[in-house]
Amino acid sequence: MPASPPPAALAVRGLRKAYGDVVAIQALDLEVYSGECFGLLGPNGAGKTTTIEICEGLLAPDAGTVEVLGKQWSRDGKALRSRLGIALQETQLSEKLTVEESVRLFRSFYPSGRTVDEVIGLVQLDEKRTARVGTLSGGQKQRLAVACALVGDPDLLFLDEPTTGLDPQSRRQLWDIIDNFRNEGGTTVLTTHYMDEAERLCDRVAIVDHGKVISLGTPRALIASLGAGHVIEFGVDGSPDVDEPTLLALAGVKSARRAGGSWALQVTAAHETIPALLGALASRGLPLTELRTHSPTLEDVFVTLTGRSLRDDA
C-alpha cells in the first residue's frame, strides 16, 4: 500500500480575500505537509503575499478556513505565535541596534528557543555581531531577518520572497539556511517568483495566478507534465516571419509561442526538430539571429498554463 502523507502543518480551505472590487484570493485551497518546503509560485499580484499574511494571522480572510499546526487564529493565536517564524518581504529592523541586540530582542519574545549565539552562527553573521543594522548589506539584512524568525525555534517558517533583489552569493547563503531548517525537521512556506529557487528548494509548489491555484505538485512532476524534453528558442531576421502552423508541423514540436521578438518551441526531440527548423527557415530565406535550447523549467509550465511569463508583472 502507498505510504500515507505526513500530517498537515498548514491547511487552507476555500480562502477568499477582496479589497473593494479587487479580488486578491478566490476559493484557494492548500495543504502543506509537516517537514516539507512548500513554494507559492507566481507573479507579483497573483495573491501570494495576501495568502501568506492570512496564514500568518496578519490579515483576516473574507471567507474560508485556515488551520496552522492544527490550530486556528481565532482561538489559538497566542499559542501559535510561539511556534511560528516569520520573515516578511521587507522586515524593518531598528537601524541603530546591532546584529546581536536585534536577535536578543526577538529571542525575548519567545518562552523558549535557540540561543542568540547559535542563530547568529547559523546565518553566518558572526563577524557582524557588533555591527549596526543600518550598516549591513541587503543580503546581510535578509539573513538577520531570517535569524530573528528562527530564534524562537519555530515548527513552521514563513518566508515571503526572501531573496528578491539579492546578489547570487547572498541568495545561495539563504538557500543553505532554508535547507538546514528543513533537514532539522522544520516546515517552510516560501513565496517566490524565481523559478530556479523553487526548483532548488521546494518539495512541492503551487502555481498561483489571479488568486487561484492553477497547478500543484513537485517541480519534477509539473515539468514532466509538459511532455517536452527540450525548449528551443530562436529568432529570425526577415519579414514576413515564420508562422505558428508551420512551426507546429515540424518534427517533434508540441507547442509554439512567441516570446517577445523570438519564438519558443516545446519539443520531444531537439535533434529532430532543429534540422527541420533550419530547413524551414532556409526555404523562406529567413536567417537565424539566435538559437538556444534548454530543459523545461517551471517558467515553461507557467507560460503553458497562463500564456504569459512568470515575471511579466514583476
Side-chain angles (χ1 to χ4, degrees), residues 3-15 17 24-25 27-44 46-59 61 64-73 80 83-89 146 149-150 154-164 171 174-209 211-225 297-299 301-302 305 310:
S4 59
L10 175 66
V12 177
R13 296 287 180 267
L15 200 63
K17 182 69 176 179
I25 307 172
L28 187 143
D29 296 327
L30 285 177
E31 191 166 72
V32 177
Y33 304 141
S34 295
E36 76 173 338
C37 181
F38 186 92
L40 284 178
L41 185 64
N44 290 343
K48 304 188 306 298
T49 295
T50 299
T51 299
I52 205 171
E53 287 182 350
I54 291 174
C55 295
E56 293 166 346
L58 301 177
L59 287 176
T65 61
V66 176
E67 286 195 359
V68 184
L69 301 172
K71 302 181 183 297
Q72 295 186 8
W73 283 107
L80 275 175
R83 299 179 65 188
L84 303 183
I86 297 173
L88 303 175
Q89 204 165 353
V146 174
L150 290 174
D155 297 308
L156 177 57
L157 181 63
F158 288 101
L159 300 175
D160 190 7
E161 299 191 7
T163 65
T164 297
R171 290 182 70 204
L174 273 174
W175 291 356
D176 289 342
I177 294 168
I178 296 167
D179 274 339
N180 290 336
F181 180 73
R182 177 178 53 188
N183 292 339
E184 293 172 357
T187 306
T188 303
V189 177
L190 169 78
T191 74
T192 183
H193 52 237
Y194 293 121
M195 288 67 64
D196 59 336
E197 186 160 278
E199 291 180 37
R200 164 70 172 74
L201 293 175
C202 297
D203 299 292
R204 293 186 302 139
V205 298
I207 298 178
V208 180
D209 192 34
K212 294 181 178 180
V213 174
I214 59 175
S215 194
L216 173 68
T218 67
R220 180 175 295 181
L222 292 178
I223 292 169
S225 70
T297 67
L298 288 175
E299 170 80 23
V301 175
F302 187 86
L305 291 171
L310 192 64

Inset, instruction - Not counting sequence neighbours, which residues clear side chain to side chain contact (heavy atoms under 4.5 Å, CB included) with T218? List them please. - result: R204, R220, A221
Inset, instruction - Using side-chain hydrogen bond (donor to acceptor under 3.5 Å, both in side chains) as the criterion, list what pairs up with T164, not counting sequence neighbours. - result: E161
Inset, instruction - Could you tell me whether the side chain of F302 reaches within less than 4.5 Å of the side chain of D209, counting heavy atoms only? - result: yes
Legend entry - Residues forming a salt bridge (charged side-chain N to carboxylate O under 4.0 Å, His left out) with K212, sequence neighbours excluded: none
Legend entry - Inter-residue atom distance M195.CE - E299.CD, 0.5 Å rounding: 4.0 Å
Legend entry - Heavy-atom pair with the smallest gap, counting every atom of G85 and P154: N-CB, 3.3 Å
Legend entry - side-chain hydrogen bond (donor to acceptor under 3.5 Å, both in side chains) partners of D196, counting only residues at least two apart: R171
Legend entry - Any residue meeting salt bridge (charged side-chain N to carboxylate O under 4.0 Å, His left out) with E56, in chain and number order, not counting sequence neighbours: none
Legend entry - Close side-chain approach of L174 and D176, heavy atoms under 4.5 Å: no
Inset, instruction - Working to the nearest 0.5 Å, report the span between CG of L15 and CD1 of I25. - result: 4.5 Å
Inset, instruction - For the pair V66 and L10, evaluate side chain to side chain contact (heavy atoms under 4.5 Å, CB included) and give the outcome as yes or no after the intermediate values. - result: CA-CA 7 Å; V66 176; L10 175 66; 4.0 Å; yes
Inset, instruction - Taking the side chain as every heavy atom from C-beta outward, state whether T187 and V32 have any atom pair closer than 4.5 Å. - result: yes
Legend entry - Flag side-chain contact, heavy atom, 4.5 Å: I52 against L58: no
Legend entry - side chain to side chain contact (heavy atoms under 4.5 Å, CB included) between E199 and L298, intermediate numbers included: CA-CA 8 Å; E199 291 180 37; L298 288 175; 3.6 Å; yes
Legend entry - From CG (L30) to CG (L40), nearest 0.5 Å: 5.5 Å
Inset, instruction - Could you tell me whether the side chain of D203 and the main chain of E36 form a donor-acceptor pair under 3.5 Å? - result: no
Inset, instruction - Would you check if the side chain of K48 reaches a backbone N or O of T192 as a donor-acceptor pair within less than 3.5 Å? - result: no
Inset, instruction - Would you indicate whether the side-chain heavy atoms of L28 and T51 approach each other to under 4.5 Å? - result: yes
Legend entry - Partners meeting salt bridge (charged side-chain N to carboxylate O under 4.0 Å, His left out) with E53 (sequence neighbours left out): none
Inset, instruction - Using side chain to side chain contact (heavy atoms under 4.5 Å, CB included) as the criterion, list what pairs up with R83, not counting sequence neighbours. - result: L69, K71, D155
Legend entry - Approximate separation, where rounding is to 0.5 Å, of L305 CG and I214 CD1: 4.5 Å
Inset, instruction - Verify side chain to side chain contact (heavy atoms under 4.5 Å, CB included) between L157 and V189, making sure each step is shown before the conclusion. - result: CA-CA 6 Å; L157 181 63; V189 177; over 6 Å; no
Legend entry - D29 side chain to G14 backbone, donor-acceptor under 3.5 Å: yes
Inset, instruction - Can you sort out the partners of T163 under side-chain hydrogen bond (donor to acceptor under 3.5 Å, both in side chains), two or more places apart, ordered by chain and number? - result: E197
Legend entry - Partner residues of T65 under the side chain to side chain contact (heavy atoms under 4.5 Å, CB included) criterion, sequence neighbours left out: R13
Inset, instruction - Examine distances only and state if a side-chain atom of W73 and a backbone atom of C55 form a donor-acceptor pair shorter than 3.5 Å. - result: yes
Inset, instruction - Please report the shortest heavy-atom distance between I178 and L201, naming the atom on each side. - result: CD1-CD1, 3.9 Å
Inset, instruction - With sequence neighbours left out, write down each residue that passes side-chain hydrogen bond (donor to acceptor under 3.5 Å, both in side chains) with T297, or none if nothing qualifies. - result: D300
Inset, instruction - Report the residues that fulfil side chain to side chain contact (heavy atoms under 4.5 Å, CB included) with A24, sequence neighbours left out, ordered by chain and then residue number. - result: Y19, T50
Inset, instruction - Just jot down the salt bridge (charged side-chain N to carboxylate O under 4.0 Å, His left out) partners of D179, sequence neighbours excluded, or say none. - result: R182, R200
Legend entry - Taking every non-hydrogen atom, the tightest pair across A149 and A87: CB-N, 4.2 Å
Inset, instruction - Hey, could you give me the CG/CD1 distance between L222 and I207, rounded to the nearest 0.5 Å? - result: 5.0 Å
Inset, instruction - Kindly indicate whether the side chain of F181, heavy atoms from C-beta on, has any atom under 4.5 Å from the side chain of L150. - result: yes
Legend entry - Residue pair T188 / L156: nearest heavy atoms and the distance that separates them: N-CD1, 4.5 Å
Inset, instruction - Identify the two heavy atoms, one from V68 and one from L80, that lie closest to each other, and give their separation to 0.1 Å. - result: O-CD2, 3.2 Å
Inset, instruction - Please report the closest heavy-atom contact between F38 and V205, naming both atoms and the distance. - result: CZ-C, 4.5 Å
